[in-house]
Amino acid sequence: MSSIDSYYKPQEVEAQAQKYWEEHDSFRVTEDPDREKFYCLSMFPYPSGHLHMGHVRNYSIGDAITRFQRMQGKNVLQPMGWDAFGLPAENAAMQNKVPPAQWTYGNIDYMRQQLQKLGYAYDWSREIATCHPDYYRWEQWFFTRLFDKGLVYKKEAEVNWDPVDQTVLANEQVVDGRGWRSGALVERRSIPQWFLRITAYADELLKDLESLEGWPEKVRTMQSNWIGRSEGLELVFLIAGEKDDSLRRLSVFTTRPDTLLGVTYMAIATQHPLALKAAETNPALKAFIEEQQQHKVAEAELATMEKLGVDTGLKATHPLSGEEVPIYVANFVLMSYGSGAVMAVPGHDQRDWEFARKYDLPIRQVIEPRDDGAQCDLDKEAFVDKGRLVNSGKFDGMDFQQAFEAFAETLAAKGMGSKTVNYRLRDWGVSRQRYWGAPIPIINCDHCGSVPVPEADLPVLLPEDIEFSGGGSPLPKMPEFYEVACPQCGQAARRETDTFDTFMESSWYYARYACRDQTESMLDARANYWLPVDQYIGGIEHAILHLLYSRFYHKLLRDEGLVDSDEPMTNLLTQGMVLKDGSKMSKSRGNTVDPLPLIEQYGADTVRMFTLFASAPDQSLDWSDSGVEGMYRFLKRLWKLLADHEAVASGSPSAQEFNAAQKKLRLKTHQTIDKVTDDFQRRHAFNTAIAAVMELVNELSDFARAGADASDRLVIQEALEAVTLMLAPVVPHFSHVAWLHLGHDQACLDASWPVVDRSALQQDSMLIVIQVNGKLRGKMEVDRDAGRDELEKLAVADDSVQRFLSEGSIRKIIVVPGRLVNIVIS
RNA sequence: GCCCAGGUGGCGGAAUUGGUAGACGCGCUAGCUUCAGGUGCUAGUGAUCGAAAGGUCGUGGAGGUUCAAGUCCUCUCCUGGGCACCA
């Protein structure tokens, strides 16, 4: 036992606990097949140079879960690392004339120290920095594997080009259509780039969302919408008089095949090959296409933009009716979705309707409302609901599903159409024309084409000792980097100077933590011990891209035989933003709060506790300095209580005979254990867990104040132990020292989570609420075994009820056992 | 436009299965300790009427279901987020 000073000095407490953890290497874990594992992971930070409150919140949540699970007896892995590639390092390099590598590694060292100050239970032996060749070499290797499997390909794609700086800009470097440094108008340029075939996994990524029951519904919905699966029919309209076979068949996709006979014109995108060809001989059309090209406006405006188009003069033949309809080039048709052409049914699609009105095209009704009162007035707007077919010959009377099948069959028989599925999801472009990223392991040879770098030549090292000035990546200016011999034919070739999208690194880091010292392979058997991640914690801003890419990557790893699970993370907690004065903390708003001075003033435990207490983890958190003060007060008060308490061996209090006051405190103690356990385990409601512990401490203070004899001290000991253990995941340093003070040799972090003593929850009496007509009128303390009849009798006899009886007679009495009696009077 | 959250005291937020609305913390008020204090302790603190006992109102708004609604249903307003001409 160690006695403690009654004045709480967080700096000393935290130093003592951290020293112990360090000396005992307390957070290092190894695989142990005999124990249940728990992998708790917080999204790793970008090493920007300093921790902000969002990090503190994220990691305090993760650490609380980690330590709780450890106290449940599980073998818990909680690693930490650095999402170290990225644009800010390049910007800093330009500003400070420091190579990005040096800047990044310096930041990592500094931020690691900050994290250690906060006392998080990380197994630092597994630390990863994605900019390290030991890490990205496997990403390069994996890419070459995907290349061999045909899961990567190269195609032209548009980038933002700054004509003054002569460089490609990331989207965030384009401000109001101009380069952020040069101020020059940004141009769109097409250059060859690498893509990962995520669309090949679209169906599985969508289907498996259903199995992710531990993910917030919101995230699943967002991913589902992002994938955007729609079932429909792909069908062909022939172009009348067109000789060129590649242009003769105009293919379109529709989710409403039932409206097929309502087609009165066709609409194609400005970039559609047919449009481009027609423009060659049609100056008005050419001008229109060029003008639309200029309009690379914000996507939000697109939706409300006026619908415009030009007649190509071409005619398409309806595959069923044989009718010839005009083909328009229209600004509302996207080249990137479906085939870049649509069949227009103005009667039953609002966009088509508006366009038809504007250009005086016929509007034909082929669907009529079922008898459900739906309104249909094609003079006012399109009728877009599903209904019954009319004006469609032999298809008349069919409903949507019948028509879908019938049209599909008819068209298939003619070789003019088939059922298809379309996705909103696009393949993942992974090329970045940047320096500070993992080099794409491809060599371009004039004779052999794109050749992956052989495994023996990996990694392709990113040169770190470089001069970094403006004007884009230095790699294309470094012949020593890009001048290589082709691995296949040996002739002079050129290495790719593009680097990977940094989402590539963050898509598989969770797996590499399991075996980051493995030099022979990307992953080994240890990954299957730890995976999938049992609890992942991070910002909602990653709901789509990072989490979708990680799920995709996991399936790629699985199909390469590297992991045996289908999904990377079973449970996901998306923590809310940290706000100050109602708006998000950000440098530009100037409302950031630096965690470090607070840690110095109050200690890490107070700061951690406040971030968990101020709101539920998935809600936003409003920062309040006086709230932090409140947490500090609580810890000081509890500390005093502990110091004033003389530890006793915590035998088995249940063998004792307790007086009423002792029973009452024990009831509160065990009720609190019950609630807090549920809050931690099931709800992740740390805010209410902490509040419940505070309630217990308040009651404990009152009890202890009354003076304590030997048997009282036993009950106090029991309560203080419970409090110390329940707070251990939140304020681990505090609990570490408190636990020793309470007479334990074993470290608090290895202690077991407290267990509810059911017998302490047994009460002799219970509080019953008395209502008259649903309004609270009184309360009564009744015997635990009081039956329904007795409760009724007692309630009616209550003074507060008697007063209302003069106003009417009793109609009904509702008894909710253990809760209330409601007397209905009228 | 579509989809998803959310709206509760002066503030952050509780109320988990329809059953005592406002736990816990902040702030505020009064008092005590006597502290140089910004410390500590005690009591009070939704609004309103009342000396009190007690009553009335009260969870964005309007209806409804129910013995009973912050919680369920219908309509509506506001805030935040996501998607956005997806055929």
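As the structure is a computational prediction, the values presented were derived from the model and not from experiment. All values below were derived from every heavy atom in this structure, side-chain atoms included, with hydrogens, water molecules and symmetry-related copies excluded. Residue numbering restarts at 1 for every chain, and letters A, B, ... go by the order of the sequence lines.
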How far does the [atom1] atom of [N] sit from the matching atom of [M], given to the nearest Å?
{"N": "B:rG82", "M": "B:rG27", "atom1": "P", "answer": "34 Å"}
{"N": "B:rU65", "M": "B:rU74", "atom1": "C1'", "answer": "11 Å"}
{"N": "B:rG7", "M": "B:rU17", "atom1": "P", "answer": "15 Å"}
{"N": "B:rA30", "M": "B:rG38", "atom1": "P", "answer": "14 Å"}
{"N": "B:rA62", "M": "B:rA51", "atom1": "C1'", "answer": "40 Å"}
{"N": "B:rG58", "M": "B:rA69", "atom1": "C1'", "answer": "14 Å"}
{"N": "B:rG80", "M": "B:rC75", "atom1": "C1'", "answer": "22 Å"}
{"N": "B:rG13", "M": "B:rG22", "atom1": "C1'", "answer": "10 Å"}

### salt bridge (charged side-chain N to carboxylate O under 4.0 Å, His left out) partners of residues 215-226 of chain A, not counting sequence neighbours, each pair once
A:Glu217-A:Arg220
### Query
What residue pairs, at least two apart or across chains, pass salt bridge (charged side-chain N to carboxylate O under 4.0 Å, His left out) with a residue in residues 336-352 of chain A?
A:Asp349-A:Arg351
### Message
Hydrogens and angles aside, do A:Asp311 and A:Tyr359 bring a side-chain donor and acceptor to less than 3.5 Å of each other?
### Response
no
d([atom1], [X]; [atom2], [N]) in whole Å:
{"X": "A:Tyr632", "N": "B:rU39", "atom1": "OH", "atom2": "P", "result": "12 Å"}
{"X": "A:Met577", "N": "B:rG12", "atom1": "CE", "atom2": "C1'", "result": "15 Å"}
{"X": "A:Gln223", "N": "B:rG81", "atom1": "CD", "atom2": "C1'", "result": "16 Å"}
{"X": "A:Leu579", "N": "B:rG81", "atom1": "CG", "atom2": "C1'", "result": "13 Å"}
{"X": "A:Glu234", "N": "B:rC86", "atom1": "CD", "atom2": "P", "result": "18 Å"}
{"X": "A:Asp702", "N": "B:rU42", "atom1": "CG", "atom2": "P", "result": "7 Å"}
{"X": "A:Met335", "N": "B:rC86", "atom1": "CE", "atom2": "C1'", "result": "14 Å"}
{"X": "A:Asp644", "N": "B:rC41", "atom1": "CG", "atom2": "P", "result": "12 Å"}

### From OG (A:Ser624) to CG (A:Leu621), nearest 0.5 Å
9.5 Å
### Task
For the side chain of A:Asp679, starting at C-beta, report the closest nucleotide among B:rG19, B:rC85, B:rU16.
B:rU16
### Residue list, salt bridge (Lys or Arg N to Asp or Glu O under 4.0 Å) with A:Asp622, at least two apart or on another chain
none
### Summary
Sequence neighbours excluded, the answer for salt bridge (Lys or Arg N to Asp or Glu O under 4.0 Å) partners of A:Glu354 is A:Lys307
### Query
Charged N to carboxylate O under 4.0 angstrom, A:Lys640 versus A:Asp644?
yes
### Query
Taking 4.0 angstrom as the limit, do A:Lys419 and A:Glu234 come out as a salt bridge?
no
Does [N] have OP1 or OP2 under 4.0 Å away from a side-chain N or O of [X]?
{"X": "A:Arg777", "N": "B:rG55", "answer": "yes"}
{"X": "A:Arg705", "N": "B:rU42", "answer": "yes"}
{"X": "A:Lys775", "N": "B:rC57", "answer": "yes"}

### Message
Checking base pairs now: Watson-Crick or wobble, both atom distances under 3.5 Å. What partners B:rU42?
### Response
B:rA30
### Query
If we call it a pair only when both distances are under 3.5 Å in a Watson-Crick or G-U wobble match, what pairs with B:rG80?
B:rC4
### Message
So A:Leu767, base contact, sugar-phosphate only, or nothing? Heavy-atom distance under 4.0 Å.
### Response
base
### Query
Which part of the nucleic acid, if any, lies within contact of A:Ala616, taking any heavy atom under 4.0 Å across all strands shown: a base, the sugar-phosphate backbone alone, or nothing?
sugar-phosphate
### Query
Looking at A:Tyr632, A:Phe610, A:Phe734, which one forms a ring pair (Phe, Tyr, Trp, His ring centres under 6.0 Å) with A:Tyr602?
A:Tyr632
### Task
Evaluate the side-chain contact (heavy atoms from CB on, under 4.5 Å) criterion for residues A:Leu212 and A:Gln223: first the C-alpha distance (whole Å), next the side-chain angles of each, then the deciding distance (0.1 Å), finally the verdict.
CA-CA 12 Å; A:Leu212 293 176; A:Gln223 292 212 352; 5.8 Å; no
### Summary
So the side-chain hydrogen bond (donor to acceptor under 3.5 Å, both in side chains) pairs with at least one residue in residues 682-697 of chain A (sequence neighbours excluded) are A:Lys668-A:Glu695, A:Asp678-A:Arg682, A:Asp679-A:Arg683, A:Asp679-A:Thr688, A:Arg683-A:Thr688
### Message
For the CZ atom on A:Arg426, are there more than 12 heavy atoms of other groups (residues, nucleotides or ligands in this structure) within a distance under 6.0 Å?
### Response
yes
### Task
Could you tell me which residues satisfy side-chain contact (heavy atoms from CB on, under 4.5 Å) with A:Glu231, sequence neighbours excluded, listed by chain and number?
A:Arg229, A:Val421
### Query
How would you list, by chain and number, every residue that makes a side-chain contact (heavy atoms from CB on, under 4.5 Å) with A:Lys9, sequence neighbours excluded?
A:Asp5, A:Tyr7, A:Glu12
### Message
Can you classify the ring geometry of A:Phe400 versus A:Phe404 as parallel (below 30°), tilted (30 to 60°) or perpendicular (above 60°)?
### Response
perpendicular
### Task
Measure the acute angle between the ring planes of A:Phe680 and A:Phe686, then classify it against the limits of 30° and 60° as parallel, tilted or perpendicular.
perpendicular
### Query
When you check every protein heavy atom under 4.0 Å of nucleotides 23-32 of chain B, what one-letter string (B, S, -) results, 5' to 3'?
BBSSS-----
### Task
Going 5' to 3' through nucleotides 3-10 of chain B, assign each nucleotide B (protein heavy atom under 4.0 Å from a base atom), S (under 4.0 Å only from sugar-phosphate atoms) or - (no protein heavy atom that close).
SS------
Please list residues of [range] whose heavy atoms come under 4.0 Å from any atom in RNA chain B, ordered by number; otherwise none.
{"range": "residues 336-356 of chain A", "result": "A:Tyr337, A:Val342, A:Arg351"}
{"range": "residues 249-275 of chain A", "result": "A:Phe253, A:Thr254, A:Thr255"}
{"range": "residues 815-826 of chain A", "result": "A:Val816, A:Arg819, A:Leu820, A:Asn822, A:Val824"}

### Message
Test ring-ring contact (aromatic ring centres under 6.0 Å, His included) on A:Trp428 and A:Phe195; report intermediate values, then the result.
### Response
CA-CA 5 Å; A:Trp428 175 14; A:Phe195 286 80; over 10 Å; no
### Task
Could you classify B:rG80 for me, syn or anti, using a glycosidic angle within 90° of 0 as syn?
anti
### Query
Toward the 5' end of RNA chain B, which comes first, A:Arg803 or A:Leu621, by nearest nucleotide?
A:Leu621
### Query
So A:Thr420 and A:Phe253, side-chain contact (heavy atoms from CB on, under 4.5 Å) or not? Walk me through it.
CA-CA 8 Å; A:Thr420 335; A:Phe253 175 73; 4.1 Å; yes
